[in-house]
Each structure stands twice: as structure tokens, then as C-alpha cells.
Amino acid sequence: MVEEGDFPINNTKKAICGSVLTCGAIYTIFFFCVAGLAPVKDLLAGDAANGFMTITAMQNLLGWKFWPIVYGCISILLGMTASILGFWMSTVRMLYSMGKKNFLPEVFTKVNKHQQPILPNIFLLAISLTFILLQNAGSFMNDFFNLMSFGCACAYALTMISAVRIHHRHPEWYANNRNVVPGGDLFRVLAMVIMVCIAFFCTLGQGVGSWISFAVYLGIGVAIWLWMLLVRWRNSKVVIETLDGEVEF
């Protein structure tokens with residue numbers, strides 16, 4: 001968000017809070033709509049008297065030359081914006097940052113004249129097209145998204161564990177900070193416990209295909225790590241920003 005936006009850096013908190021609240025409101029409305037949706041047989045058999053938003057009522061109201069266009073445009077627009085904000089931009093910048101920090105090959109840091117990372121965008125485009133082609137090929141997509149939920153839960157759990165550790169190791173950082181989460185350690189520990197529980201229960205929903213996908217994912221990571229260890233890191237070190245300053249490995 002900071003990389004792509006042109007707002008002042010001191011407005012970052014407003015941008016983050018606005019994004020989180022907006023996404024939360026949209027997803028809440030979406031799930032309420034899905035939860036309240038009638039069965040397909042009722043939608044197909046209904047008429048205008050049984051409810052305005054039945055399929056028959058929609059057909060009688062404006063016909064099928066109108067509704068598919070509206071539905072398609074809204075679906076494409078919402079899907080594209082959600083993917084761009086929550087998936088594409090963040091993933092591209094993450095790969096670019098990993099290249100800058102020497103966790104990935106230097107080619108990931110090359111940018112075009114608009115300062116957009118070249119290879120991360122191409123890499124993500126290839127992965128997205130692959131997912132589109134494989135979305136109906138067996139249970140691959142289902143397994144992958146199950147695994148992705150597990151990975152997100154683990155990431156959030158580690159984030160909250162780090163937040164608790166940082167607060168205990170460097171309490172002076174929070175002394176005069178007006179942006180500190182109210183409630184102190186109570187909310188930090190509560191959030192940590194919740195996220196650890198979610199990560200644990202996510203493991204219960206993983207099937208055999210998900211663990212196979214996980215093994216493939218780890219295999220690719222190991223291959224990149226070996227290349228960096230045997231080739232790149234022999235000539236350049238990794239500098240990591242830690243709680244105690246920058247440390248070179």
C-alpha cells in the first residue's frame with residue numbers, strides 16, 4: 001500500500017484501517033447474502049409473488065438481456081479489485097522486497113519505467129493462468145485453497161507471537177506511542193491464542209491432496225534455497241532487520 005499509494009506516510013494508519021474496515025464490511029454483507037439465499041429449486045420455481053429476487057421475478061422484470069450483463073460486470077469488477085488489492089499488489093511487492101533483502105535472486109528486483117517489478121508480475125501472471133486452467137482438473141484448486149487458509153492462519157499466529165515478544169523485549173517502544181492497541185497484553189495474548197487455535201483447526205481440514213501440495217510448495221522453496229546457498233550467498237550476504245538492529249548472515 002505504501003509502495004503503490006501517493007498519500008503522505010503519516011496517513012498510512014488511516015489507509016490501512018480504511019482498507020480493513022471496507023473489506024470486512026464487504027465480506028460480511030457477502031456472507032449474509034449467501035447464508036440467506038434460498039435453495040436453487042425455490043429460485044427456479046418462484047415467481048414475483050414469492051419474492052422480488054427469485055430468478056423468475058428477475059426474468060419477468062427486465063429479461064435476460066439485462067441481468068447477465070449487470071451480474072457479469074459486478075462480479076468481474078469486484079473480483080478484479082479484490083484480487084488486485086489483496087493478492088496481486090501485495091504478492092508482487094513481497095517478492096520484490098525479498099529480492100531486495102537478498103532472499104531471492106536479484107532478477108526479482110528489476111523494475112520497468114513505471115517502477116513496477118517485472119519478473120514478480122510475470123511470475124504471478126503465470127501462476128494465475130495456471131490456476132485458471134487447472135480449476136476444474138480434479139481437486140487441485142480445493143486442496144490448494146485449503147492449504148492457503150492454513151498458511152494464512154500460521155502467518156497470523158506468528159505475527160501475534162512476534163507482537164507479544166516485541167512488547168516484552170522492548171517496552172520502551174510503546175511508552176509514548178499513541179497508536180498502541182488498547183488493552184495492552186490482554187488483547188495481544190488473546191489474539192495470539194485465537195490465531196494459534198485457528199491454525200491448529202485448519203490442519204484438521206487438510207486432505208491428502210493438500211499435504212501433497214504442501215510438499216510440492218516446500219520442494220520449490222528448498223530448490224530456491226539451495227540455489228541461493230550455493231550460488232548467490234557465496235558472493236553476497238543477507239541483512240535482516242531484527243529487534244536489535246541489522247544483522248548480517
Among all residues two or more places apart in sequence or in another chain, which pass the salt bridge (Lys or Arg N to Asp or Glu O under 4.0 Å) test with Lys110?
none
List for me each residue that meets side chain to side chain contact (heavy atoms under 4.5 Å, CB included) alongside Asn235, sequence neighbours excluded, and say none if there are none.
none
Do Val193 and Cys197 have side-chain heavy atoms sitting under 4.5 Å apart?
yes
Partner residues of Leu119 under the side chain to side chain contact (heavy atoms under 4.5 Å, CB included) criterion, sequence neighbours left out
Val107, Phe108
Sub-4.5 Å side-chain heavy-atom contact between Leu226 and Val222:
yes
Please check if Ile224 and Val216 belong to a single hydrophobic cluster, counting links between Ile, Leu, Val, Met, Phe, Trp and Tyr side chain heavy atoms closer than 4.5 Å.
yes
In short, Met160 meets Met192 closest at the heavy-atom pair CB-CA, 3.6 Å
Between atom CD1 of Ile122 and atom CG of Leu125, what is the distance when rounded to the nearest 0.5 Å?
8.0 Å
Show which side-chain atoms of residues 150-157 pair as donor or acceptor with protein atoms under 3.5 Å away, not counting sequence neighbours.
none

Does Ile161 offer a backbone N or O that forms a donor-acceptor pair with the side chain of Arg165 under 3.5 Å?
no
Are Glu106 and Lys100 side-chain neighbours, meaning at least one heavy-atom pair lies under 4.5 Å?
no
Ile166 side, atom CD1; Arg169 side, atom CZ - distance, nearest 0.5 Å
9.0 Å
Sorted by chain and residue number, the side-chain hydrogen bond (donor to acceptor under 3.5 Å, both in side chains) partners of Lys101 (sequence neighbours excluded) come out as Glu241
Can you measure from CZ (Arg188) to OG (Ser162) and round to the nearest 0.5 angstrom?
12.5 Å
Does Leu21 sit in a hydrophobic cluster with other residues, and if so which ones, taking ILVMFWY side chains as linked at heavy-atom separations under 4.5 Å, directly or through other members?
none
Starting from Leu95, can I reach Trp227 by hopping between I/L/V/M/F/W/Y residues whose side chains sit under 4.5 Å apart?
yes
Report yes or no: does Arg232 contribute a side-chain atom to a donor-acceptor pair with the main-chain N or O of Leu104 at less than 3.5 Å?
yes
In chain order, what residues pass the side chain to side chain contact (heavy atoms under 4.5 Å, CB included) check against Leu190, with sequence neighbours excluded?
Ile194
Side chain to side chain contact (heavy atoms under 4.5 Å, CB included) with Trp233: which residues, sequence neighbours excluded?
Asn102, Trp225, Met228, Leu229, Val238
Interatomic distance, CD1@Ile198 vs OG1@Thr203, rounded to 0.5 Å, equals 12.5 Å
Kindly give the heavy-atom pair with the smallest separation between Val164 and Val189, and that separation in Å.
CG2-N, 4.2 Å
Extract all donor-acceptor atom pairs below 3.5 Å that involve side chains of residues 204-212 and protein atoms in other chains or at least two apart in sequence.
| from | atom 1 | to | atom 2 | distance (Å) |
| --- | --- | --- | --- | --- |
| Gln206 | OE1 | Leu147 | N | 3.3 |
| Gln206 | OE1 | Ser210 | OG | 3.3 |
| Gln206 | NE2 | Asn146 | O | 2.8 |
| Gln206 | NE2 | Cys202 | O | 3.0 |
| Ser210 | OG | Asp143 | O | 3.1 |

Atom pair OG1 (Thr109) and CE (Met98), whose distance is rounded to the nearest 0.5 Å:
13.0 Å
Residue set satisfying side-chain hydrogen bond (donor to acceptor under 3.5 Å, both in side chains) with His114, at least two apart, ordered chain then number -> none
